[in-house]
Amino acid sequence: MRPATALLLASTMLAATPAFAQTAAPAADAAPDEATIVVFGRGETRQVQEIKAQEIVVLTPGTNPLKAIEKLPSVNFQSADPFGNYEWSQRVTIRSFNQNQLGFTFDGIPLGDMSYGNHNGLHITRAISSENIGSVRVSQGAGSLGTQATGNLGGTVETFSADPTGEMGAQGNLTYGSNDTVRAFARLNLGTRDGVRGYVSYGYGSTDKYKGQGKQDQHMGNAKVIVPIGEARIDGWLSYSDRREQDFQDMSMGMINRLGWDWDNTFPDYARAIDYASRLNDVDLVSNSGGSPFPDGRFDYSGASVATGQTYPGNVTSADDAYYDAAGLRKDWLGAIGLNTPLGEKATLNLKGYYHNNSGMGLWATPYVPSPNGVPMSVRTTEYKMDRIGAFGSVDFTIGSQNLNVGAWYENNKFNQARRFYAFSSRTEPGLSFRDYPKNPFFTQWEFDFTTDTFQYHVQDKIDLGMVTINLGWKGFSVTNKAEAVVQASFPQGKIKAQDWFQPTAGFVVKVSPDAEVFGGFSQSTRAFASATTTGPFSTNQAGFDAIRNNLKPEESDTYELGLRYNTPVFSGTLGAYLVNFRNRLLAVQVGSAIQGNPSALQNVGGVRAVGVEAAGNLTLGSGFSVYASYSYTDATYRDDVLNGNGDLVAAIKDKTVVDSPKHMARGEFNFDDGQRFFRVGLNYMSRRYYSYTNDASVPGRLIVDASLGYRFTDKVEVQLNATNLFDKRYVGTIGSGGFGNSGDAQTLLVGAPQQFFATLKAGF
């Protein structure tokens with residue numbers, strides 16, 4: 001759809017769509033923390049910024065809140081869809097640390113690493129609707145000591161739900177846009193301002209894939225309640241999510257050049273998928289297995305290595321160029337109850353307990369394993385079931401000029417992971433949908449129960465000396481991971497523990513003037529191991545696990561920061577520099593292609609050093625106009641070559657740039673909001689990114705422009721238009737979807753979404 005056509009369609013829709021009201025923009029003379037686009041962590045001893053709700057609601061409704069924080073310095077967010085919700089493609093890195101080396105929480109509840117593999121949490125987009133978010137806080141360093149995370153080597157992202165206002169009423173919005181995107185949201189507000197208050201909401205969003213065919217949609221329900229009891233407060237949260245997304249085809253640069261940017265899986269062209277799989281299976285996959293593709297209980301993938309001589313139509317050169325279909329299915333329940341109460345005059349107690357239940361699977365139509373009925377492919381799944389229960393709490397108390405905080409967190413996570421195969425009905429009819437959970441597998445390759453017990457504590461002392469504030473403290477944890485086979489395979493059983501009882505932090509803030517402050521600090525962090533066959537120490541075989549379980553060191557980082565903040569009603573900003581020394585880097589040495597799921601060996605392969613500069617600022621120009629800009633320079637390099645156990649060279653990567661770590665990132669926004677009319681234009685630049693450890697494979701830099709505009713008819717009714725990738729830039733969005741290799745091109749890229757337009761009508765009652 002071309003811009004003029006899309007805008008005309010959007011304008012037509014605005015007259016007919018119901019909706020959700022937003023508050024007017026703050027006046028130009030408001031306090032800095034209210035007027036600025038980004039709150040720059042006043043009084044913090046580390047680099048911290050906060051995005052408020054008004055910065056999220058100007059995005060297309062339903063957009064991932066992580067897309068809102070990509071404007072912050074050193075934050076690299078990428079996705080293959082315009083909303084940032086497509087989980088297979090969603091990635092965030094901070095200061096060169098990848099997603100599973102960061103910490104994520106929601107109202108303090110640990111979200112794990114929010115990875116697609118789903119082994120220790122859930123994604124924020126499955127925990128809360130974007131309309132119910134109150135703020136998102138980013139710490140580019142290791143984050144606060146009290147964060148419920150054992151993986152935050154390089155930063156934390158904390159999301160907080162909005163509190164109910166206590167004003168009776170209803171709110172809603174309806175969005176329509178490119179690729180038949182439809183999203184509806186409704187929220188009912190209940191209670192009284194000073195009494196029991198809460199809200200319940202429901203949201204549904206659906207969009208067609210922008211290339212190929214398929215759908216991505218989600219049902220989401222949220223409920224929050226606050227019960228005041230004297231000076232104490234009880235709060236409760238409950239959410240449900242059912243998300244189903246059909247995948248885009250993973251690409252390589254070679255495939256993009258050979259097949260084009262719009263290439264995708266064959267769905268719904270089942271006959272073409274059968275043709276590709278049949279050509280691959282011209283080589284007999286079962287000739288050595290007595291008619292079964294599962295000799296000794298394992299798969300024989302020998303056909304994949306000898307199929308390169310097969311002839312395919314057009315520019316297709318292998319069965320991996322296009323699969324029939326792939327999908328991710330996830331269902332989640334998340335509940336929590338918390339207590340905040342004073343303890344005398346100088347102390348406060350905070351407690352919260354939570355429960356999370358997840359079930360889901362990733363599906364892939366594999367041409368490497370035929371169905372027993374003779375169909376030359378089958379559906380391979382990785383299946384997940386999770387029950388997490390935990391509690392955390394802290395006590396704050398004041399003694400003179402000192403504010404002490406002591407807290408702890410415990411979680412028990414029972415996680416089941418299985419690899420199963422399901423048959424297609426025939427060569428002419430698939431007989432199953434990738435949007436539904438399949439039943440009756442013809443083979444379970446492996447199934448494991450994992451138990452992870454986490455205990456973490458922290459102690460922190462904030463000393464206020466007037467002009468100078470000092471933060472001192474430490475945290476410690478012990479995490480035990482246990483694997484037990486339900487259906488045995490080559491993956492290991494046993495226990496492994498990561499334990500570090502003393503991870504210190506120290507920092508200071510000096511008030512140079514009422515508007516300016518200098519901050520600096522040091523923090524040390526350790527990352528626990530993962531409990532899954534698809535990542536971490538259990539992703540090898542039993543012999544490999546036994547060899548590493550007693551001497552494998554967890555990853556660690558030391559972070560040094562120094563910076564300046566300035567906050568006035570007209571200008572607020574930050575300028576900082578950092579040094580991170582990362583050691584005991586863990587690398588899984590992959591065997592075969594990532595999608596085949598073969599075991600890999602995990603080992604410590606050296607360190608990484610990252611140095612960088614970060615700058616961001618917001619200038620209020622008056623009359624509703626403002627400008628925001630941020631820039632970050634990151635120099636992150638591997639400090640060691642990769643050697644095997646015999647000391648032989650595996651990969652010469654010393655002094656090479658860390659994968660998915662652009663040296664330059666710059667963001668800019670021009671904003672206008674006079675309380676009735678508003679618009680925003682945002683620019684997002686990212687320099688070259690490498691997707692091989694030796695830096696011989698990369699994607700070029702890109703500049704993406706987004707825009708939004710709207711009009712408030714009253715304080716209850718408004719319309720909003722959003723455009724993403726306004727100038728229809730062709731670019732690679734996600735890199736590393738299938739992991740990273742030592743060298744050469746690889747099928748591990750996802751194309752970024754083209755130009756998209758969306759229109760929303762919002763109303764409150």
- Examine distances only and state if a side-chain atom of D113 and a backbone atom of Q101 form a donor-acceptor pair shorter than 3.5 Å. no
- Item | N/O donor-acceptor pair under 3.5 Å between N85 side chain and G62 backbone | yes
- Query: Can any side-chain N or O of S630 pair as donor or acceptor with the backbone N or O of K71 at less than 3.5 Å?
  - Reply: yes
- Message: Whether E131 and R187 form a salt bridge (side-chain N of Lys/Arg under 4.0 Å from carboxylate O of Asp/Glu) is what I want to check.
- Response: no
- Message: Assess whether a salt bridge exists between R712 and D673, defined as any Lys/Arg side-chain N lying under 4.0 Å from an Asp/Glu carboxylate O.
- Response: yes
- Task: Output all residues satisfying salt bridge (Lys or Arg N to Asp or Glu O under 4.0 Å) with E556, sequence neighbours left out; order by chain, then residue number.
- Result: R583
Tabulate below the donor-acceptor pairs under 3.5 Å that side-chain atoms of residues 149-160 make, not counting sequence neighbours, or state none.
unit_1 : atom_1 : unit_2 : atom_2 : d
N152   : OD1    : K475   : NZ     : 3.2
N152   : ND2    : A142   : O      : 2.6
E158   : OE1    : R137   : NE     : 3.3

- Side chains of S139 and Q47: does their closest heavy-atom pair fall under 4.5 Å? no
- Message: Which residues pass the side chain to side chain donor-acceptor pair (under 3.5 Å) test with H458, not counting sequence neighbours?
- Response: N405
- Message: Using the salt bridge (Lys or Arg N to Asp or Glu O under 4.0 Å) criterion, which residues pair with R91? Sequence neighbours excluded.
- Response: none
- Message: Walk me through whether E167 and R193 qualify under salt bridge (Lys or Arg N to Asp or Glu O under 4.0 Å).
- Response: CA-CA 6 Å; E167 297 178 355; R193 186 179 293 273; 2.3 Å; yes
- Please determine if R609 forms a cation-pi arrangement with F582, meaning its NZ or CZ atom is less than 6.0 Å from the six-membered ring centre and no more than 45° off the ring axis. no
- Item | Salt bridge K414-D387, side-chain N to carboxylate O under 4.0 Å | no
- Whether T568 side chain and F571 backbone form a donor-acceptor pair below 3.5 Å: yes
- Of all residues at least two apart in sequence or in a different chain, which pass the side-chain contact (heavy atoms from CB on, under 4.5 Å) check with A68? I51, I56, L59
- Query: What pairs with K511 under salt bridge (Lys or Arg N to Asp or Glu O under 4.0 Å), at least two apart in sequence or on another chain?
  - Reply: none
- Only counting residues at least two apart or in another chain, list the ones meeting salt bridge (Lys or Arg N to Asp or Glu O under 4.0 Å) with D396. none
- Message: Can a donor-acceptor pair be found, under 3.5 Å and without considering hydrogens, that links the side chain of D332 to the backbone of N358?
- Response: no
- Message: Could you check whether R680 pairs with E55 (Lys NZ or Arg NE/NH1/NH2 to Asp/Glu carboxylate O, under 4.0 Å)?
- Response: yes
- Message: In terms of relative ring orientation, are F40 and Y628 parallel, tilted or perpendicular, with 30° and 60° separating the classes?
- Response: parallel
- Item | Ring centroid separation W501 to F477 under 6.0 Å | no
- Message: Does the Lys NZ or Arg CZ of R95 fall within the cation-pi geometry relative to Y578 - under 6.0 Å from the ring centre and within 45° of the axis?
- Response: yes
- Message: Between E50 and K52 (salt bridge meaning N to carboxylate O under 4.0 Å), is one present in this structure?
- Response: yes
- Message: Just to verify, what does D464 make a side-chain contact (heavy atoms from CB on, under 4.5 Å) with, not counting sequence neighbours?
- Response: T469
Please report, to 0.1 Å, the donor-acceptor pairs under 3.5 Å made by any side chain of residues 345-353, with sequence neighbours excluded.
unit_1 : atom_1 : unit_2 : atom_2 : d
N350   : OD1    : N340   : ND2    : 2.6
K352   : NZ     : D107   : O      : 3.1

- Message: Walk me through whether D163 and R233 qualify under salt bridge (Lys or Arg N to Asp or Glu O under 4.0 Å).
- Response: CA-CA 12 Å; D163 277 346; R233 183 180 107 154; 3.3 Å; yes
- Query: Looking only at atom types and distance, does a side-chain atom of D558 sit under 3.5 Å from a main-chain N or O of N581, one as donor and one as acceptor?
  - Reply: no
- Task: Taking side chain to side chain donor-acceptor pair (under 3.5 Å) as the test, write out the residues that go with Y566, two or more places apart.
- Result: none
- Item | All side chain to side chain donor-acceptor pair (under 3.5 Å) counterparts of Q456, not counting sequence neighbours | none
- Item | Salt bridge present between R585 and E555 (N-O < 4.0 angstrom) | no
- Item | R126/E87 salt bridge by N-O under 4.0 Å criterion | yes
- Task: Fit a plane to each ring of Y560 and F522, take the angle between them on a 0 to 90° scale, and name the class: parallel (under 30°), tilted (30 to 60°) or perpendicular (over 60°).
- Result: tilted
- Under 3.5 Å: donor-acceptor pair, side chain of R46, backbone of S523: no
- Query: Do T192 and R197 pass the side-chain contact (heavy atoms from CB on, under 4.5 Å) test, and can you show the C-alpha distance, the side-chain angles, and the key distance before you say yes or no?
  - Reply: CA-CA 6 Å; T192 60; R197 54 196 182 274; over 6 Å; no
- Message: Using a 3.5 Å distance criterion without hydrogens, assess whether the side chain of D235 forms a donor-acceptor pair with backbone atoms of V227.
- Response: no
- Query: side chain to side chain donor-acceptor pair (under 3.5 Å) with Y410: which residues, sequence neighbours excluded?
  - Reply: D453
- Query: Taking the side chain from N413 and the backbone from H119, do they hold a donor-acceptor pair closer than 3.5 Å?
  - Reply: yes
- Task: Look at the side chain of N98 and the backbone N and O of V92, then say whether any donor-acceptor pair between them is shorter than 3.5 Å.
- Result: no
